[in-house]
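Here's the structure we're looking at; comments come further down.
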Amino acid sequence: MATISLRKGNTRLPPEVNRVLYVRNLPFNISSEEMYDIFGKYGAIRQIRIGTNKDTRGTAFVVYEDIYDAKTAVDHLSGFNVANRYLIVLYYQQAKMSKKVDQKKKEDEIAKMQEKYGVSTKDK
């Protein structure tokens, strides 16, 4: 009922509010069922993706059907304690994620060029 009242009012959401949530600091052994139990309390979930690689362990993406459900989940689950770990729940922002990837690619490219031309940035 609370979400219905939010929708009826002419509530303007901030631009960063998104249906896709990025969750960090998850326990490594959390199951999909546990994720659905935790996040499903706040609305219908379209998809959950849990990181399994070495780089992505402890993170997940949660996609809600409705943007207001995602907002409610962020408001209630940021700082929520799961298996003695406090969750960090953020709105997924494509621009920020792609900047991190681009930065890494540039660093790798510079390192390859330095190796190719025998240039070192270390002080001699």
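Note that the coordinates shown come from a computational prediction; the quantities given were computed from them, not determined experimentally.
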To the nearest 0.5 Å, what is the distance between [atom1] on [X] and [atom2] on [Y]?
{"X": "F80", "Y": "L87", "atom1": "CZ", "atom2": "CG", "answer": "7.5 Å"}
{"X": "D37", "Y": "S31", "atom1": "CG", "atom2": "OG", "answer": "7.5 Å"}
{"X": "D66", "Y": "I45", "atom1": "CG", "atom2": "CD1", "answer": "12.5 Å"}

### Query
Is the Y91-Y22 ring centre distance short of 6.0 angstrom?
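No.
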### CA sep, side-chain torsions, deciding dist, call: L90, Y92, side chain to side chain contact (heavy atoms under 4.5 Å, CB included)
CA-CA 6 Å; L90 307 166; Y92 174 69; over 6 Å; no
### Over 12 foreign heavy atoms within 6.0 Å of OH, Y86
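Incorrect, the count does not exceed 12.
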Scan the side chains in residues 46-56 for donor-acceptor partners under 3.5 Å anywhere in the protein, sequence neighbours excluded, and list what turns up.
from: R46; atom 1: NE; to: E65; atom 2: OE2; distance (Å): 3.3
from: R46; atom 1: NH2; to: E65; atom 2: OE1; distance (Å): 3.0
from: T56; atom 1: OG1; to: T52; atom 2: N; distance (Å): 3.3
from: T56; atom 1: OG1; to: N53; atom 2: N; distance (Å): 3.1

#### Entry: Criterion side-chain contact (heavy atoms from CB on, under 4.5 Å) against L77, the qualifying member of V62, L21, V89
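Among V62, L21, V89, the one that satisfies the side-chain contact (heavy atoms from CB on, under 4.5 Å) with L77 is V89.
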### Message
When you compare the side chain of L13 with that of K71, does any pair of heavy atoms fall below 4.5 Å?
### Response
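A side-chain contact under 4.5 Å exists here.
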### Message
Please determine whether a side-chain nitrogen of the Lys or Arg among K112 and D108 lies less than 4.0 Å from a carboxylate oxygen of the Asp or Glu.
### Response
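No, this pair does not count.
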#### Entry: Donor-acceptor pair, side chain of Y64 and main chain of F39, under 3.5 angstrom
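Checked: pair present.
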### Query
Any idea which heavy atoms bring A60 and M35 closest together, and the distance?
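It is CB-CE, 3.7 Å.
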### Query
Hey, mind stepping through I38 and I30 against side chain to side chain contact (heavy atoms under 4.5 Å, CB included) and telling me if it holds?
CA-CA 11 Å; I38 294 168; I30 195 163; 4.2 Å; yes
